[in-house]
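Naming convention: chains lettered A, B, ... in sequence-line order (proteins, then strands); numbering from 1 in each chain.
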There are 4 protein chains.
Amino acid sequence: MNKIKIGIIGGSGYTGLELLRLLCMHPCVEVRSVTSRSLSGKRISQHFNSLSGYYEGLAFTDPDPEKLCSEIDLGFLCVPHGVAMDVAPQLLERGVRIVDLSADFRLRDASTFENWYGEHRAKSLLATAVYGLSEHARDDVRDARLVANPGCYPTSVQLPLIPLLQRQLVSTKGIVIDSKSGASGAGRSPSLATLFCEVEEAFKAYKVCEHRHTPEIEQGLSLAAEKKVVVTFTPHLVPMTRGILSTIYVDAIEGVTTEDMIACLNEAYHNAPFVRVLEKGQFPNTASVKGSNFCDIGLKLDNRTGKAVIVSAIDNLVKGASGQAIQNMNIMFGLHETTGLLSPPLYP
Amino acid sequence: MNKIKIGIIGGSGYTGLELLRLLCMHPCVEVRSVTSRSLSGKRISQHFNSLSGYYEGLAFTDPDPEKLCSEIDLGFLCVPHGVAMDVAPQLLERGVRIVDLSADFRLRDASTFENWYGEHRAKSLLATAVYGLSEHARDDVRDARLVANPGCYPTSVQLPLIPLLQRQLVSTKGIVIDSKSGASGAGRSPSLATLFCEVEEAFKAYKVCEHRHTPEIEQGLSLAAEKKVVVTFTPHLVPMTRGILSTIYVDAIEGVTTEDMIACLNEAYHNAPFVRVLEKGQFPNTASVKGSNFCDIGLKLDNRTGKAVIVSAIDNLVKGASGQAIQNMNIMFGLHETTGLLSPPLYP
Amino acid sequence: MNKIKIGIIGGSGYTGLELLRLLCMHPCVEVRSVTSRSLSGKRISQHFNSLSGYYEGLAFTDPDPEKLCSEIDLGFLCVPHGVAMDVAPQLLERGVRIVDLSADFRLRDASTFENWYGEHRAKSLLATAVYGLSEHARDDVRDARLVANPGCYPTSVQLPLIPLLQRQLVSTKGIVIDSKSGASGAGRSPSLATLFCEVEEAFKAYKVCEHRHTPEIEQGLSLAAEKKVVVTFTPHLVPMTRGILSTIYVDAIEGVTTEDMIACLNEAYHNAPFVRVLEKGQFPNTASVKGSNFCDIGLKLDNRTGKAVIVSAIDNLVKGASGQAIQNMNIMFGLHETTGLLSPPLYP
Amino acid sequence: MNKIKIGIIGGSGYTGLELLRLLCMHPCVEVRSVTSRSLSGKRISQHFNSLSGYYEGLAFTDPDPEKLCSEIDLGFLCVPHGVAMDVAPQLLERGVRIVDLSADFRLRDASTFENWYGEHRAKSLLATAVYGLSEHARDDVRDARLVANPGCYPTSVQLPLIPLLQRQLVSTKGIVIDSKSGASGAGRSPSLATLFCEVEEAFKAYKVCEHRHTPEIEQGLSLAAEKKVVVTFTPHLVPMTRGILSTIYVDAIEGVTTEDMIACLNEAYHNAPFVRVLEKGQFPNTASVKGSNFCDIGLKLDNRTGKAVIVSAIDNLVKGASGQAIQNMNIMFGLHETTGLLSPPLYP
């Protein structure tokens, strides 16, 4: 089989690096182009020393849509929100398929997007973009030209909640999502808030009630519940590099047990190799998924209060970004979705 | 004034060390005795190298109630749960006042204690023990013979919630408490779960729906609300040494605003130098209270869902243990409650 | 080709886990047995949650040499120093080849071993054991029955120094080795010194002038220099999980330049895919080798003092233990030495 | 006694913050002015949330030498290297004494300064500036108008070495200094290299053989030895916030023992409350000095090689910067040098 020819657009940050790390181990791809205005001409391994010995001939290039599109089958967009909407049409019209890691095409409703993010300059694409939460969108992803790769927090929240809402085991009212993320989610651009001395031995909430992943979460949960779902969502910054743990509080429907909910998830993810539903009494740890594409889920019904406490863990750079992007690419090109993604977590 | 003569019973762990660290800076005390069976005869500064140059003449001793009580005015009990209930009567009957850092005298109701902790062998003391959440118990603490020093999580939860419940600004139903603690809360005894390699780059929930601080939280909130309050409480382990951040979700009463709740806390803590209520839009960070006796509180009403999101931060070893114990001692001996406790947080 | 049948003896610690992690990705092996007295009967993935979904049928077993040896071609010994010397003969006499990760067979001279470690009960094997610093021992490893896998510090020191000593570019006198290791080198057994709160925000030297890797380093350097080499070696504990960085100070021979030394290393490691000699002006970072089998080396001649400053970095659990063990296994069984070991470092 | 009126010039970074933290606890000073162009008008506690409740009336101001000098007795200069040389004359000519935390006045020889740092625009002050390594300069500091506060690495190196060189217990040849610092030494300005994700789980050397503290170290050692001393100095970055540990390798003079060297240090620092010379067999840990002005020193003669291994630990922000600056201020104003500086280290 011919290798899939890959371009990474905006590859100087952590999601670009993570794609490069993961694609090293992928047997069916060839990375042809990695663009970065600021690093143009620099070799990949000069910028990312961990990759010395890999991609030896490859250097960052200035973005040039014409040339780029003549070389690649699929482009991963790692540009910031607001930029992807300008880049995507250039690739699509030249026949290149896209997995977009930004937020630009995740929300179906343009006005919701504009409420949370600002102007959208490619609204016509919103209807055809496929929201790529892989386990729940395989059929649509397969034929998609433009996949909107889910956000990190929304991935960690939707994977456990969608089946429970679909089967109506939990209430749609009063859902509380308390999420905690490592610092790599904030990216590789220098800022005071993500300096080592500001993050180490520090724990805080941020963007309380106003994080832009809120509408993305609500969109997914509403579709699952077939009714409008509104959530309270609080992200926190953990003094670690990788990992998201989401602790979700939701009222269980009367009579539903811990076992019922675990059974529901096991059934839903029976054929989902990256979702690991833990046994009763077990709860996930971000360390157990570090570097991998797994989402681990554990839960328990608090009989004293009737609330289900659902905990999920992912690596925000893998299942929360570049790993899921590759999973979607695999589906788009007819490969098994685990291809190149089965390295186990790095623990400890 | 004569110095208060202090004994620390069971002083080999982190709360004992933290008492020693803080009492160095206290102008009105003299530490006369630090007991530890395993370290008897060893100098304090041999065991705790950070204290080299302090307490130079002092060594750990075997516990001997007779001798100990002849030397001290007040004993801090740093022994494990289940041991304090045996030690306390020995000190009290010899006229020594006690601040107990264990859980043994925190719950007024013996049967609740026994449900969560096991047998209680000093039930008769439960009625006279004073629950020492300093800001809400000054009058009782002043005259107490036996102060039960609050748990770390309960301190972080009760300080923000008690005034809001007392003024009926928030509902008593469906309270969710999502707490995160540094590893020092687990103590200084070697265990696999608290090894560096197990905690670093790891984040997890533990004792989901079954942590023993739950009844202590509920006791305090129920007293404030004057009705039975049941909570869903999930503690998490953060890869840091010090600090607790509690994120609390509670339904605001119709019509109550963010400003109302902040005003309520400001009024309640007007004369509480260790509680810092943040301005609207600000949220606490454990780094800003590290090493200090402060509790920082920030909150916001999520207008989309009607839930108040309340965030509090303490240093678990200070306001969550040894600092509050000294604050209680200050009150018991007629000192200003801040005496010796005003060193600012160590940041960064 | 038939898969190599593998046993891991004493597999409950970090080196056992790391073997399991790496062997997941190895196309030519089958892990048949993992022994642990304390965990016998427990499934691998119950003990190591990160491996959930891998090795699903496999559980720890009690060590039973007869049964074990009937099932496997090669045993990795992950037992403590002093135990391997008792286990090795049992396997060898039943025809099973061994890679021993302990120190028991690293020193050729029994009396040196006994000076630093204590009694040796299998001295007769010392003569046939092959010291498995892979890059310098491929021919001997290929046919070895018993490979003594090098220590972590000695690996980081010998790889840069051996070629420089062989070519006589540096002096054998006055070599200073200042090494720094992450906490995983201390293993997975609970101890006060490796608790999170003791390691975090702490940096210290330990076993100053008395670490047991000293004679192993001296043995290797002496062989390379063809004269007795004595070194000053100081290990330090870094608040991180993985990684060793060794900073080595050695007098350059008059007239030798930075370029000469880099050229020497490039030539020596031309066919060594796991040794990455950095360009002039570049120095290694443990983060750039994390999770991988690489050893990165950078160096510089300090013209002001005539000393060469040589810096090397490895992942102590991979090239410093389990990765090199697999590299040796590959060589022993006629595979390319990189087989299964080419996953890139996990950075960030 | 009247309080000493203090100005902090350039107070927005970590050394300014650390001065503010430490001066909170100082009974004899009043901070009158903290300047920062970028933060002018902002309250101190808005910028540094840890200080909420302290310095409540105080805001950053634009630097205005005339006004500033009318208000203060002493100015701490926390401006970058190259700026202090312009600011200092403005204060001195208005009668304000200075402790300069930058490097501008540390080197007596202007040409050495210019080799390592660039142009010096206030050379005439170099002769009168006093190098404020407090323990070795009390008499000069007492009357100084301009104290050059030592660098962090040079403090950690000179305190152990000066007495040993003065008494000629160690050789002046071939000194190797391997230093390790926490990330706060790099300051509070955002940069890629000090992002959390770049520092966490990473260890590296930097500025190998070219760090600008080299000539400062050599100046101090040469004065002590009364002959030119040249050193090999390698700094490293540790994944922690505070602390420097320097491991120093130096040839002991024939016949000198570990005990001799410890006795020498004990005698030299008999009246130095901030230098803690450890007993034979003990070595320092940065955790044991965190947040304090102590310098802990341990050492051992390696009998196998004749090298003395000397290890020192300081908190780089305290004894390595702001604490020593206050110690110098105390001496300048006739206070006991420990005034306000005796809070014990924060451990754990």
Side-chain angles (χ1 to χ4, degrees), chain B residues 13-14 17-18 20-25 27 43 45-46 48-55 182-184 187-188 197 200-201 239-242 272-279 282-294 296 298 313 315 317-318 338 340 342-348, chain D residues 13-14 17-18 20-25 27 43 45-46 48-55 182-184 187-188 197 200-201 239-242 272-279 282-294 296 298 313 315 317-318 338 340 342-348:
Chain B
Y14 287 141
L17 168 56
E18 190 69 356
L20 289 165
R21 180 182 76 84
L22 292 165
L23 291 172
C24 281
M25 299 182 275
R43 281 183 290 118
S45 61
Q46 276 180 310
F48 295 128
N49 297 324
S50 61
L51 294 180
S52 174
Y54 302 87
Y55 302 111
S184 61
R188 199 164 180 267
C197 299
E200 176 80 344
E201 280 289 305
M240 64 183 183
T241 295
R242 286 170 179 256
F274 292 125
V275 179
R276 303 192 296 196
V277 181
L278 306 187
E279 294 170 20
Q282 300 294 313
F283 286 89
N285 184 331
T286 61
S288 295
V289 300
K290 189 171 54 174
S292 81
N293 203 46
F294 292 113
D296 284 3
D315 184 320
L317 291 179
V318 192
T338 62
L342 283 178
S343 291
L346 186 75
Y347 161 79
Chain D
Y14 287 140
L17 168 57
E18 189 69 357
L20 289 165
R21 181 182 77 84
L22 292 165
L23 291 172
C24 281
M25 299 182 274
R43 281 183 290 118
S45 60
Q46 275 180 310
F48 295 129
N49 297 324
S50 61
L51 294 180
S52 174
Y54 301 87
Y55 302 110
S184 60
R188 200 164 179 267
C197 298
E200 176 80 343
E201 280 289 304
M240 64 182 182
T241 294
R242 287 170 179 255
F274 292 125
V275 179
R276 303 192 295 197
V277 181
L278 306 187
E279 294 171 21
Q282 300 294 313
F283 285 90
N285 184 332
T286 62
S288 296
V289 299
K290 189 171 55 175
S292 81
N293 203 47
F294 292 113
D296 283 4
D315 183 320
L317 290 179
V318 191
T338 61
L342 283 177
S343 290
L346 186 75
Y347 161 78

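Only the side chain of Leu317(D) has a heavy atom closer than 4.5 Å to any heavy atom of chain B. Both the backbone and the side chain of Tyr347(D) have a heavy atom closer than 4.5 Å to some heavy atom of chain B. Proximity to chain D involves both the backbone and the side chain of Leu51(B), based on heavy atoms less than 4.5 angstrom apart.
Glu200(B) is linked by a salt bridge (charged side-chain N to carboxylate O under 4.0 Å, His left out) to nothing, counting only residues two or more places apart in sequence or in another chain. Here Glu201(D) pairs with nothing under the salt bridge (charged side-chain N to carboxylate O under 4.0 Å, His left out) rule; sequence neighbours left out.
Interface summary for chain B: among Asn49(D), Asn285(D), Leu346(D), Thr241(D), the most heavy-atom pairs under 4.5 angstrom belong to Leu346(D). When each of Cys24(B), Pro345(B), Gly291(B), Pro348(B) is checked for heavy-atom pairs under 4.5 Å with chain D, Pro348(B) comes out on top. Per-residue heavy-atom pair counts under 4.5 Å with chain D were compared for Arg276(B), Arg21(B), Glu18(B), and the maximum is reached by Arg276(B). In terms of heavy-atom pairs under 4.5 angstrom with chain B, the leader among Phe294(D), Tyr54(D), Tyr14(D), Phe48(D) is Tyr54(D).
The minimum heavy-atom distance linking Leu278(B) with Phe283(B) is given by the pair CD1-C, 3.4 Å.
A donor-acceptor pair is defined here as one N or O able to donate and one able to accept, closer than 3.5 Å; no such pair exists between the side chain of Gln282(D) and the backbone of Glu279(D). Checked by atom type and distance alone, the side chain of Tyr55(B) never pairs as donor or acceptor with a backbone atom of Arg43(B) at under 3.5 Å.
Using a 4.5 Å heavy-atom threshold, the side chains of Pro284(D) and Val289(D) count as separate.
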